[in-house]
Structures are given as structure tokens and as C-alpha cells.
Chemist: 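The structure is given below, and queries will be raised subsequently.
In this text the structure is predicted, and so the values were computed from the model without any measurement. Reminder, nothing fancy here: chain letters follow the sequence lines and each chain counts from 1.
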Amino acid sequence: MLEFFNYRTIWEYMPLFEEGLRNTFLISIVSLFLALIVGVLACAARLSNWRGLRAVSIAYIESIRSTPLLVQIYFLYFGLPTLGIRIPEIQTGILALMFNSGAYIAEIVRAGITSVPNGQIEAGISSGLSYFQRMRFIILPQAVGVTVPPLLGQAITLVKDSALLSMISVVELTRSGQILTSERFMPAEAFFTVALLYLVIYFFLKYLSGWSQKKLIFRET
Amino acid sequence: MIRFQNVNKWFGSLHVLNDINLQVSAGEVVVVCGPSGSGKSTLLRCINRLERIQKGKLFVDGMPVHDSTINLTKLRAEIGFVFQQFHLYPHLNVLENVTLAPIHVRGMKKKEAEELAMEKLERVGLADKATAHPEQLSGGQQQRVAIARGLAMSPKILLFDEPTSALDPEMIGEVLSVMVKLAEEGMTMCVVTHEMGFARQVAHRVIFMDEGKIIETGKPDQFFDNPHSDRAALFISKILKH
Ligand SMILES: Nc1ncnc2c1ncn2[C@@H]1O[C@H](COP(=O)(O)OP(=O)(O)O)[C@@H](O)[C@H]1O
Ligand SMILES: [Mg+2]
């Protein structure tokens, strides 16, 4: 089938794919960064002693996990303007991905933190270490090793999920494929190129993941 | 050094410490025994406030532990706690396990803390394992590191909660002999254990608990050979058979 491919058209549309790739990359990085912050905060709230805070965090996490991302995107896309908040689609998309991934990241981080046996924490308490010292010297160093692989998995999911932003006409990678399809009716060329570019991002993150596992997982011999 | 005055504690409706009165003086070695679930661990855990008492008074080295405003860091710095399951930090090596609290709680310089830690490791016979990781050590060695970790804060009191119960029989001796040495050097110790030999050798007193109450107190030989209560007699016959 490849010989029927219209490479010239793909080449011609390269600037569009470039824009799509750039936006997918940018959206993913920014959303992931914000989602990490949201996730850590939501996890802290989830583990806090204050019941109200815990309830809010659980409500947030569960409502995200129980609804489709596309619905969440539409919810913000149509919901924010009714609240009088008008922001560009791309920012609406980043917000949606941030809230979505934030909920999953909160659970990943929580699993990491609760993987440290309670006895070690009691040993820390018994020797007079404060809450933050226990976090810093006992819990986090061990939680990181458990947390990094699923976090990178979540990052890969986020990149693929960002394709849904094409539904609110953000010109990211998938949308650029749609544009080529509608202008020239070449869906095979369009989505083959799109898939290839997603693959490039995927391998980049995979590489990052392998590297970070070597660097971050604690040196238990 | 430690004084319980009419101390009570409940877990929900379970009366886990029932009107405990107990005094441990400086340099004294007290062995606590009793059936499982009788409240021995809880008794120990109240002393460094891993658990809070709900009624009564508890003083440790003059500090009112029942008072919610006391300085917990100061209290805990004076008490070493050795757990049944050791609970070493697996991501740190032996030396780092021992120096963590001296550096961050006592504010010692790293160098100074390491010298202190080596001295404590020497005392438990593990100076040559300083750079090993916990999972490279046997259970007995891990427990001795845990004791060194407790000693590194130069505590006035050491608490042991069944320190040999998780160990293979052939490793119990090495841990007990470290504890005997500490006892002979005049450390104040409360030890939850069923090791009768240890109790007879170094304990000044044995306390027998059942269902949250102190049933009986006595000198080790008197307690093990001629217990006053039927419950204690039954308990001793069970651990002898074991
Ligand atoms: N955190 C807790 N919450 C509820 N019950 C507990 C808790 N810790 C201990 N208990 C209960 O209190 C009783 C005494 O426990 P413990 O002090 O551990 O006894 P021992 O050390 O003598 O075996 C047991 O019945 C135990 O199940
Ligand atoms: Mg116990």
C-alpha cells in the first residue's frame, strides 16, 4: 500500500504536522507538570487528618475516574463560558488534561507513600524525627522508586489522551491529520503520519523512563 | 524514671490498659510478660507516646506524657524503642540508619554522628557491617543494628517489644547477649519478652499482664518458680512447654 502513498502531499502539509506535533508536545508537558502539582496536593489532602479535606479529595478523584475524559473536556469547554470564563480552547484542553491526570497521579503517589511499611514510620517517630523529616528521609526516597514507572505510564497515557482535544478544535497532532483529511481526502496518509509522530513521542518517553529508572530507583543491591 | 498512675486506655470498647500503676526507677530492668493481646505492646507504646493514654497520669523522666503540650521530640529523644520486626530503613545502609536521628534530631555534624554510630555498632558487634544494607544482614544482625540505632540517641530508657520473637532460634542468643550487656551497664530497660533465661539473668522485676491489667509483680525467680496467681501459673506452664 505504501507505493500508493502520496508523499508529496504529506511533505506539503509538513508545516501543519509540525504545528500539531509542537502543540501536542507543549500541551502534554504543561498539563503533565500541572497535573503533578494537582496530584501531589490531592494526595496530600487524601492522606490528611482533616475529614473535610479528605472528602473533597476523594470526591474529586472518584468523579474524574468514573467519567470519560471526553465528557470532562466538553464539561469545561461548554461549562466555563457559562460561568463567564472565556479562555482559548488550548487552555481549556490543558485544564481538562490537568484535572484528569491529576486524579490518577494522586492515586499513584498515594500508592507510593503507603507502600512504606508503617513500622518504619513508627521507628522514625520513636527516634524523634518530625513529620517532614520522616517524609523527606524515610518515605519519599522509597516512594519515588515505586512511583516513577507508573508516572511515566501516566505521561504516555496523557500524550495519547491529548488527541481528544481535537474534538474542541485544538490544532494538535490528531487535529492536523483531520485537517489534511478534510482538505485533500487522504485519511491513510494523514493518520499514518500522525501515528508515526505519536510513536516518536512514545519512544522518547520510553527512553526517559529507562534512564530515570536507572537514576532514581534506590540502590538496593 | 517511668511512673504510671492509674493509667487507662481503650481501643473503642476494648479496655486495653486497665488502671495501670507501675514505677520503674533509673537503672532498673523490668520484664513484661503475659498472653498475646494482654496489652503489653500498648503499655510500652504509651511510654514514648506512639499511643496516647486516655485517663490517669504518666511521667517519664519528670515529663508529663499525659499532657498534650509536652515536647514530644525531647521525650522521644530520651527513649530508644526496639521493635519485634526491627524496622530498619531499607534504602539506607547500616551507618545511615544509625546516624539519621542523631544528625536530624540532635543536630550533630555528619562526621561526629558517624563516629558515635561506629561506637554503638562496636557495642553490638557489627562495626564491620557499617556499609552493608539491611537486607544483606541476618535477622539477628538487623535487630542488633536496630539496638545500635536506639542507642545512638544516647537515650535514658530503652524499650524492647518482643525483640527476639521474629528471629530464628539460632539468632536469639546474639541479640539477648547484647541486651544483657546493656542491662549490666545500668541502662533503664522495659522488655516485653517470654525469654525466661534473660529475665532470670538480668531482670530486677517481672510484671505479668492479662486483659489489660497488671496481675502480678515479682522477682524473676520467685515469679517463675512460685507465681501467686493461677493465671500466671498457667501462662508459665505454657511457655515452659513451648
Ligand atoms: N491500634 C489498635 N486499634 C484497635 N485495637 C488495637 C490496636 N492495637 C492493639 N489493639 C488491641 O488491643 C489489645 C492489646 O494489644 P497489644 O497491646 O498489642 O497486646 P500484646 O502486645 O500484649 O499482644 C489486643 O486485643 C489488640 O487487638
Ligand atoms: Mg505485642
Chemist: Does OH in A/Y131 sit with more than 12 non-hydrogen atoms of other residues, nucleotides or ligands closer than 6.0 Å?
Modeler: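 Result for OH/A/Y131: open.
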
Chemist: In this structure, are over 12 heavy atoms from other groups packed under 6.0 Å from A/F17 atom CZ?
Modeler: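 More than 12 heavy atoms, drawn from other residues, nucleotides or ligands, come within 6.0 Å of this atom.
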
Chemist: Counting neighbours of CE on B/M118 that are heavy atoms of other residues, nucleotides or ligands and sit closer than 6.0 Å, is the number greater than 12?
Modeler: yes

Chemist: If I measure from the heavy atoms of chain B, does A/Q133 come under 4.5 Å with its side chain, its backbone, both, or neither?
Modeler: side chain

Chemist: Identify the heavy atoms of A/Q142 and B/P90 that sit nearest to each other, and give their distance.
Modeler: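 Closest approach of A/Q142 to B/P90: OE1-CG, 3.1 Å.
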
Chemist: Side chain from CB out, backbone as N, CA, C, O: work out which of these in B/L88 comes under 4.5 Å of a heavy atom of chain A, or both, or neither.
Modeler: backbone

Chemist: Closer than 3.5 angstrom, by distance alone: can the side chain of B/H104 be matched with the main-chain N or O of A/S130 as a donor-acceptor pair?
Modeler: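 No: the side chain of B/H104 does not pair with the backbone of A/S130.
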
Chemist: So, taking the atom named CD1 in A/I125 and the one named CZ in B/R49, what distance separates them when rounded to the nearest 0.5 Å?
Modeler: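 CZ of B/R49 is found 11.5 Å from CD1 of A/I125.
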
Chemist: Side chain from CB out, backbone as N, CA, C, O: work out which of these in B/R45 comes under 4.5 Å of a heavy atom of chain A, or both, or neither.
Modeler: side chain

Chemist: Checking B/Y89 against chain A: side chain, backbone, both or neither under 4.5 Å from a heavy atom?
Modeler: both

Chemist: For B/F11, look at atom CZ and say whether over 12 heavy atoms of other residues, nucleotides or ligands are found less than 6.0 Å away.
Modeler: yes

Chemist: Stepwise, does the side-chain contact (heavy atoms from CB on, under 4.5 Å) test hold for B/L50 with A/S126?
Modeler: CA-CA 7 Å; B/L50 280 174; A/S126 298; 3.6 Å; yes

Chemist: Let me confirm one number: the NE2-CD1 distance from B/H87 to A/I121, rounded to the nearest 0.5 Å.
Modeler: 10.5 Å

Chemist: Under 6.0 Å from the CZ atom of A/F25, do we count more than 12 heavy atoms belonging to anything else shown?
Modeler: no

Chemist: Can you confirm whether more than 12 heavy atoms, excluding those of A/R136, are under 6.0 Å from its CZ atom?
Modeler: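 12 or below, so no.
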
Chemist: Using heavy-atom distances under 4.5 Å, tell me whether B/R149 contacts chain A through its side chain, its backbone, both, or neither.
Modeler: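 Contact with chain A is through the side chain of B/R149 alone.
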
